[in-house]
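What follows is a short report on a single structure.
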Amino acid sequence: MSNSYRMCTMVCRILLFVLSIVVLGSAQSLLSLQYPFGLPTNTVSGTALSMGGAAAGLPDDFHLLRANPANLGTIDRTIFSGLATVDFTRVVDDDEHSNHAVLTPRQISFSVPVGIIGNLGFSLAKETQAALEFETGPIDLDGGYIGMRELERRGGVTSWLLGWGRSINQWVYLGLAYERAYVTINSTSVSRVQDFPSAVSRDSSAISFGGNGIRFGFLAAFEKIGVGLAYNYMFEGDLDVERSVLRNREETEITEGVDSTGSLQAPPRFTVGLSYQFSQSWAAALDIGLTQWGQYASDKILEKPSRENAASFSAGVRFIPAPGILAPAYWQTIHYRGGAWYSQLPDESSNAYALSLGVGLPLNGGGLIDIIVEAGQRRDDRYDDYREDFASIGVGFNGGRSWQQATEFGE
Amino acid sequence: MACGYTMFDSVHLTENPRIMKRYRYIICALSAALALGLACADSPFDPTTRLGEQIVEDVEPGFLDPDENFKAEQLSIAVSSAFSLLDSIGADVSDDGDLNTLSDGSFVWNIDSLYIGIWNNTKAFSYMQFSGDGFFDAIEAIEEDTGCEIRNAELHLPIEQASEAMLTNIELGLTAELKASNVPFGKDLELIRFEDSLINPQSIVTNDSAVIIQLTFDSLLAAVRQAAVEITDSITDTTSFGFFITSAGSLAAFDAFGVNGPRLMIHATNEQCDQFIAAERANVTFRSFNPDSLDNLPVSDRPTARIAVFGLHMTPLWEALTDTTGREFQNLLIAPLELPGYTADIRGSDSTFRLEYRLHSNRNFQSDPRALDSGDSLGITKAFPETPDPSDSLFIDRWLNLLLDERPDTVYLSLRLFRPETALRLSGGLSLFTRVNWDTPDSLKLKAVFSNVK
């Protein structure tokens, strides 16, 4: 077992310990309250995240199928990839601020080659995050009582993909994935009387959806240029709402449930990706995405965004100091990356942007550990004094083995 | 099958172990320091935020408006009636002296204390029943041994708690019935013969743990036989006999259950031949000297299992659910009701009493005056001082929320003295001898806070 492997193992353990402390916090985004599924999470690999998330047009083993299912066709070995981030948010309103943190496991993916059929891949990801814990200040009531209101929101979209990708010829790759998405939005509105812990009433709603979708991908790599197209479509499905009211006094609970159903049509998403390989050391990528909120409908159960189409742009570069040298120093093998992204959020006046930096630390056996730092801001022009500054520290785990090669050498 | 190498393998061929080791130590130290710092420090992160109110208000209109979400009001609730009832334990007891609900062959449930003596113009009678078959078997067992003769008999009553002085002027009555009859035991106390001849007047021993009443064995045997013959013309295995005990002294409580319950000892000249039989069932009743007066007063009484009941006119509360703008509030967050004034008579080491209170809907109360344990009326218990504290109140919102749909004009508040667990009683806490005489106010204050959660 090499020193680099031991070092990375130890670093990972310590980071996990640190993350386990941070996870005691909670994520916050008041802006996400306005969007039906919460805030979108970038579920690409750590490798892509450090390039601003641009990956649809850049062939890379560790991108697997999240950004573009056709990327599966470029892979000739067994690959796995996972990404988790610690997300820090500073909510700023006028002169005040509050700090929040949460650990977010973003995605885990793997693929296996299946001969002439191509590659099969699987991926599980947290697509959006709806996390909010808001409380009012003390509200003076008659009779000396002090009231308080709280609003809690939990959930988001989690999905898994089962995909296939194959090369059509030496330049063109196609991919297709079946998607199963689960939407869970749990909201609770609380009224309470301070100093009387049991004087609480809660009005809760649990919205859930399980639906099917497809993802189609195309990727063409002409020498130094890569072009990718990815399209994601979710079929209409049933949206269930379970509402309950809890009036609580000591050990007594009264719960009244009111159930209803509707249908959900999630917005389709279209992504175009471009990449250019300047040299063995330098590569750049650009993604342009469009989420078609105009096609979204939820029978007025979830919020209705004001945008018809929400665009997103991401771009990044990658630099490997000495990719072709036989005996480089370790630092010369590290992948240095940087990127930026800008995204229109579902409401007309809101957007977000961020800068990202990352390094990929090579491991024995072909693996890569990504350390990513991302920082940016979300805001809505309707609220002049309000903004959400955010930063993420991410760790990506990537690995792979080329089984065919071993057989070829007869080992 | 062995694994092959990939393009990344080449980059590790020249790793410098010394440099890597140094890196490892540095990173390890930095990470450990960071982790330790985070673990020891207060979290710099907030679980909730109060910022972004405007966004919340836009998404949830009215969320922040106090008038929209809360309404606090102080109401005057008229007391329409005040009286007392015997509760579920009292259902086994009646003031006219009939012990009419004794179950056959076992202790009556819910009776874990027997009372004897005088208490607040009430006289307590205990009844304990023994198997006639067991009694004669015990006698036979002693007489079979040639070295033993019956010396005397004793009634052992383990003391649970005594209110004040020792028992005095114990009276003992004896009766018999057929176990096999399996009919409710019915005896009029006036017809019970309390026979001095049964008791050896020189030998009533009272100590901290028991009262031991020495009986004149010949009189006991004759009385048992006479009582049995009176009802069956013969003494059979199915005959039982029982003692009624009362006293002119202050009230005392005795364990009624199991091995700690009453027992009849038959002593022999050689103590190795002693026999005893345990009581097979027991009950208690009280005779009030002026029962009518109690029924018309709100009295909570522990020994006599009496509960106070107040009828409350709730219309003002239901009207307050709608405010002047027509806004409807459909939930009570908190509703403390003023506690009526009281005079407490507590005879024990604990100067507080614990009250169990419940609210009953008009409908349930009228359908069965004794059905106060209906499923929707779990009680809350709370300790109160011997001298009333004006700030004390009863939180009745849990029941009022249950009645929001029905909205009865009158609801009934029951106040019952809580029966402490045995362990607590043995430790001297929460006296068994407590009576609370409640005032009957014209009205009681109710400070209600409504919310609009529907």
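The sequence lines fix the lettering, A, B, ..., with proteins before strands; numbering per chain opens at 1. Heavy atoms only: backbone and side chains are in, while hydrogens, waters and symmetry mates are out.
- For A/Ile139, the part lying under 4.5 angstrom from a heavy atom of chain B is the side chain only.
- The candidate with the highest count of non-hydrogen atom pairs below 4.5 Å against chain A, out of B/Val59, B/Leu64, B/Asp58, is B/Val59.
- For B/Gln74, no part lies near chain A; criterion is any non-hydrogen pair under 4.5 Å.
- The two residues B/Leu444 and B/Val79 make their nearest non-hydrogen contact at CG-CG2, 3.9 Å.
- Under the 4.5 Å side-chain criterion, counting only non-hydrogen atoms from C-beta, B/Phe395 is in contact with A/Phe196.
- Contact annotation for B/Glu60: only side-chain heavy atoms (C-beta onward) come within less than 4.5 Å of a heavy atom of chain A.
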CA sep, side-chain torsions, deciding dist, call: B/Leu321, B/Leu404, side chain to side chain contact (heavy atoms under 4.5 Å, CB included): CA-CA 9 Å; B/Leu321 286 167; B/Leu404 281 174; 3.6 Å; yes
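- Proximity to chain B is limited to the side chain of A/Tyr145, based on heavy atoms less than 4.5 angstrom apart.
- Separating the CG atom in B/Asp65 from the CZ atom in A/Arg149 is a distance of 10.0 Å, to the nearest 0.5 Å.
- For a residue to count as touching a neighbouring chain, one of its non-hydrogen atoms must lie under 4.5 Å from one of that chain's; by this rule B/Val56 touches chain A with backbone and side chain alike.
- By the side chain to side chain contact (heavy atoms under 4.5 Å, CB included) test, A/Pro321 is found to be paired with A/Phe319, A/Trp331, A/Gln332, A/Tyr336, residues two or more places apart in sequence or in another chain being considered.
- Shortest non-hydrogen contact noted between B/Gly52 and A/Tyr386 is CA-CE1, 3.7 Å.
- If you tally non-hydrogen atom pairs under 4.5 Å between each of A/Val91, A/Asp385, A/Leu30, A/Asp380 and chain B, the highest count goes to A/Leu30.
- Interface residue A/Arg192: only backbone heavy atoms are found under 4.5 Å from chain B.
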